[in-house]
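Input: a single structure, listed below in structure tokens.
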Amino acid sequence: GPKVLQIPSHQIIDMGQMVTLNCDPVSNHLYFYWYKQILGQQMEFLVNFYNGKVMEKSKLFKDQFSVERPDGSYFTLKIQPTALEDSAVYFCASSLGGRGDERLFFGHGTKLSVL
Amino acid sequence: QQKVQQSPESLIVPEGAMTSLNCTFSDSASQYFAWYRQHSGKAPKALMSIFSNGEKEEGRFTIHLNKASLHFSLHIRDSQPSDSALYLCAVRGSGTYQRFGTGTKLQVVP
């Protein structure tokens, strides 16, 4: 089936550094999402993106976070600067959207460890 | 803020049994209801979804929605060891994103 690719699978960085998480969504999908999951907890919505713009963001999407998809390439989540509490698994998802098909297709996640 | 909760937290069933998983939500204006399955170390994968009250069956899986009760469920007929996974329910309220429950860990034993 359709696949979402996330790069890297694991990233270790020092607190205060910048990190960019990359996502290659399903090619004909129009909506893109980032979710955050801390070990043993619920997967929490961060932000979604459509037509070059953020649609909605949650309280977890701090000012240090930004998303973009320049020229239809990777959908990226940038955190600058990182904090210890940003350690989590970040899942990217994409969907075709519309009432016809709202299924989310997820990547395997990027495990971010902030030291 | 919408609350999405799942029960039970974990479940062990024998092969061939019927499995029933539950999800409750708090926003009566919710519009989309889905189940995802996540095998260990893999990406969550959409299983089934429903928009309006009632039931939908696909193979061994049935989803049932009762909006008045703020409840929907997933039933797995003839459960198989390969069904062992973490099951996540998800609800989209009146906004643009799905909110997930904490998951039910299912183990099907031969």
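Each chain gets a letter, A, B and so on, in the order the sequences are listed, and its residues count up from 1. Only a predicted model underlies this, so the values are computations on that prediction, with no experimental measurement involved.
Listed in order of number, the residues of residues 37-46 of chain B that approach chain A to under 4.5 Å between heavy atoms are Gln38(B), Gly41(B), Lys42(B), Ala43(B), Pro44(B), Ala46(B). When the heavy atoms of residues 4-19 of chain B are compared with those of chain A, the residues falling under 4.5 Å are Val4(B), listed by number.
Note on Met48(B): it does not cluster hydrophobically with Leu96(A), by side-chain heavy-atom contacts below 4.5 Å among ILVMFWY residues. Tyr33(A) is connected to Met43(A) through a chain of hydrophobic side-chain contacts under 4.5 Å among Ile, Leu, Val, Met, Phe, Trp and Tyr, so both are in one cluster. In the hydrophobic clustering of this structure, Val26(A) does not group with Tyr50(A); members are Ile, Leu, Val, Met, Phe, Trp, Tyr whose side-chain heavy atoms approach within less than 4.5 Å, directly or through other members. In the hydrophobic clustering of ILVMFWY residues, with side-chain heavy atoms under 4.5 Å counting as a link, Val4(A) and Ile7(A) come out apart. Cluster annotation: Phe106(A) is not connected to Phe49(A) through the hydrophobic network of ILVMFWY side chains, with a link wherever side-chain heavy atoms come within less than 4.5 Å.
Around atom NZ of Lys67(B), more than 12 heavy atoms belonging to other residues, nucleotides or ligands sit under 6.0 Å away. Counting heavy-atom neighbours within 6.0 Å of Lys56(B) NZ, excluding the residue itself, gives a total above 12. The environment of CG in Leu84(A) is crowded: more than 12 heavy-atom neighbours from other residues, nucleotides or ligands sit within 6.0 Å.
The choice from Leu88(B), Thr96(B), Thr102(B) that makes the most heavy-atom pairs within less than 4.5 Å of chain A is Thr96(B). For the set Phe91(A), Phe45(A), Tyr35(A), the entry with the most heavy-atom pairs within less than 4.5 Å of chain B is Phe45(A).
Taking OH of Tyr97(B) as the reference point, atom CG of Leu104(A) lies at 13.0 Å (rounded to 0.5 Å).
Proximity to chain B is absent for every atom of Phe105(A), based on heavy atoms less than 4.5 angstrom apart. Residue Tyr32(B) touches chain A through its side chain alone, counting heavy-atom pairs closer than 4.5 Å.
With contacts defined as side-chain heavy-atom distances shorter than 4.5 Å, the pair Glu102(A)/Phe51(B) qualifies.
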